[in-house]
Every structure is written in structure tokens, then in C-alpha cells.
Amino acid sequence: MIDRLEFFIALARAQHFGRAAEELGITQPTLSAAIKALEDKLGVMLVKRGSRFQGLTAEGEQVLVWARRITGDARTMKEEMRAARHGLSGRIRIAAIPTALAMIPRLTTPFREHHPGVTFSVLSRTSIEVLSLLGNFDIDVGITYLDNEPLGRVVSVPLYSERYQLITAAGTEFADRRSVTWAEVADLPLCLLTPDMQNRRIIDQHLAEAGSVARPTLESNSMIVLFSHIRTGKWSSIMPLNLAETFGFAEPIRAIPIVEPDASHLVGLVAADRQPHTPLVAALLDEAMTLAGDFDAER
């Protein structure tokens, strides 16, 4: 039953029998037979029948919720038994917003020192994707904003506050200023994250509060692309100070506080609101609380 539920979840995720079978490492007839056996066991149709996948039935949507819960509980049980025998081991799947990626080593490095049997998978995703992946049990934890848009049913550990700076090359306009306003930066040639990123929506929001509109001349979902354009001296950007400091620059680059308002937004670790957490997630939440204390001490 657990295997069939895992197959069903994979099908719902892939929205295609062939892709789901490939993901699972089985043949398409094997997948189809497993879904049919699950339907027979439950006495309901789960998948709309046709020449190709056409979606889940209403009953299928209900079963999907239960399937994720049951397989999650089964995974937790297995991990607890493995931890009891051998200590913590396995892979932790993390999805983080782009502006938080640079701080992840401060979480993963000490965690692996304490638990050398653990490995990590780290993805860069939008805040909306982080929550979707978490809700679908496709990741174990996320790192995202906590105080700007709804989070849904999660537990969270606040880590640090993003404070925004104008990041620009030496010799450019405002490079020698001690501070700059949101209204002033709106007129610069800006390179910013794409609008699907919550960081960009935050920036747009503060520019609008200052009576301005963001008109970036370059957009990207990659922080590396933004940094490389800042280095040319032809573009500036708006970024959290901690991110700019983490990347560092070989060339003279200025980080100038943006005021009126002096805005900040809370970033933290989130996990699904379910008990008990897997041993890996519970241990990572504890590590995050230690890291949060370190961030507090640095302020």
C-alpha cells in the first residue's frame, strides 16, 4: 500500500504516466497496474481516464492529501528506527530563496560536523515554490521570508533580518553617499531579481511607498548575473547587506544603506507543521535555533 501511494504521489506530481514511471524507475504498465490496484483497494476512481493523463478525480484529490500524510509518517518511522540503530543519517532536502543561499553554509556546515552521516540537497526557488514543495513533501525544510506574505501551516525559526542597500561600483552616482533614499535609487539603471521573486516584490513595494516605480534595465533570477553586471560599473542593484558581504568583491564596490524607510524583513527556516518531525528535520530545527542566536549576537 505504501509503495502504491508513493506511485500515486509521483503521478500527481508529474501529471504524466510516462514521466512518473521514469522518475520512479519502473515501467509505465507497472505504474498503471499499481494505480488500478490502489483504485480497486479503495473502491474509487483516482485518475480521470483517457488516452493520456487528464488529472485527478475529486476522490483522487482527497486521497492525495492522505497519501502524502501516510507516506510522510512512514518515512518518519523509518528514519527514527534508522537513527536509533546508527545515529542520524540520510539526505536533507532544502529549498531557499536566492537572497538566503549565501548563508546556508552557516547552517549545513556545523550540522554535518555533528552528524557526518548526513548529506544535503539545496535548491534555489521562489518563496511560493518553497512553500509548495514543502506542502507536497518534496523538500524537508525551506528558507524564506516570514513576515511579508502568508506562510500557511508551517513551523518556523526566525534567523535574521534583511536590510536593504544600494550595491554600486565606486565612481558611480551616489557611490560616496552615506545613505540614499528609495526615491533616489528608482532613477538609477538597476538590475534586479525577476518579479516572481518575493525579494523583488518587497523592493517594488518600498519603491511604490516612496512614490516611485521600479524600471530595471536588467532582470534575472540569478544573483551571480546581478553581481557580474554591478561589477561593470554600468548597473546598480538593491540587495540585502548580508548577501553583498558574503559574496565579497575584488573591485571597489559600495554598499549604501537605503532609508526613508529603513526597511527590514525577517528570513527564517520553515518546516511542515506536523508532529512528530523526522529526526533529521527535528535536529535541523535545533541547529537553526542555535544559528539564530549567533545572528542575534552579531547584531
Without hydrogens or angle criteria, can the side chains of [X] and [Y] be said to hold a donor-acceptor pair below 3.5 Å?
X	Y	answer
T99	E162	yes
N136	R13	no
E260	T181	no

Is a donor on one side and an acceptor on the other found under 3.5 Å between the side chain of [X] and the backbone of [Y]?
X	Y	answer
Q15	A12	yes
D147	L266	yes
R200	L193	yes
R112	V118	yes
E39	V47	yes
T108	I104	yes
E61	A58	no
S236	L190	no
S228	I224	yes
T57	G60	yes

**Prompt:** Can you check side chain to side chain contact (heavy atoms under 4.5 Å, CB included) on D140 and I94, steps first, answer last?
**Reply:** CA-CA 6 Å; D140 300 300; I94 303 172; over 6 Å; no
A side-chain contact here means heavy atoms from C-beta on lying under 4.5 Å apart; do [X] and [Y] qualify?
X	Y	answer
M239	M223	yes
R177	E184	yes
M197	I97	no
T168	I253	no
I202	Y164	yes
V157	V270	no

**Message:** Please give me the minimum heavy-atom distance between G142 and V130, naming the atom from each residue.
**Reply:** CA-CG1, 3.7 Å
Looking at [Y] and [X], is any side-chain nitrogen of the basic one under 4.0 Å from a carboxylate oxygen of the acidic one?
X	Y	result
D40	K36	yes
D73	R274	yes
D138	R93	no

**Request:** Tell me, with the steps shown, if I35 and R4 meet side chain to side chain contact (heavy atoms under 4.5 Å, CB included).
**Result:** CA-CA 7 Å; I35 299 300; R4 290 171 183 169; over 6 Å; no
**Request:** In sequence, state the C-alpha distance, the side-chain angles, and the governing distance for M103 and L159, and then conclude on side chain to side chain contact (heavy atoms under 4.5 Å, CB included).
**Result:** CA-CA 10 Å; M103 58 71 56; L159 294 175; 3.9 Å; yes
**Item:** Point-to-point distance, once rounded to the nearest 0.5 Å, from CG of L107 to CD1 of I143
**Value:** 5.5 Å
**Prompt:** Rounded to the nearest 0.5 Å, how far does CZ of F227 lie from OG1 of T232?
**Reply:** 13.5 Å
**salt bridge (Lys or Arg N to Asp or Glu O under 4.0 Å) against R106, all qualifying residues, sequence neighbours excluded** = E298
**Selection residues 169-218 - residue pairs positive for ring pair (Phe, Tyr, Trp, His ring centres under 6.0 Å), sequence neighbours left out** = W182-H206, H206-H265
**Request:** Show your working on side chain to side chain contact (heavy atoms under 4.5 Å, CB included) between I258 and I238 and close with a plain yes or no.
**Result:** CA-CA 9 Å; I258 305 176; I238 300 170; 3.7 Å; yes
**Request:** Please state whether the rings of Y160 and F295 are parallel, tilted or perpendicular, taking 30° and 60° as the class boundaries.
**Result:** tilted
**Message:** Can you confirm whether E129 is buried at CD, in the sense that more than 12 heavy atoms of other residues, nucleotides or ligands lie under 6.0 Å from that atom?
**Reply:** yes
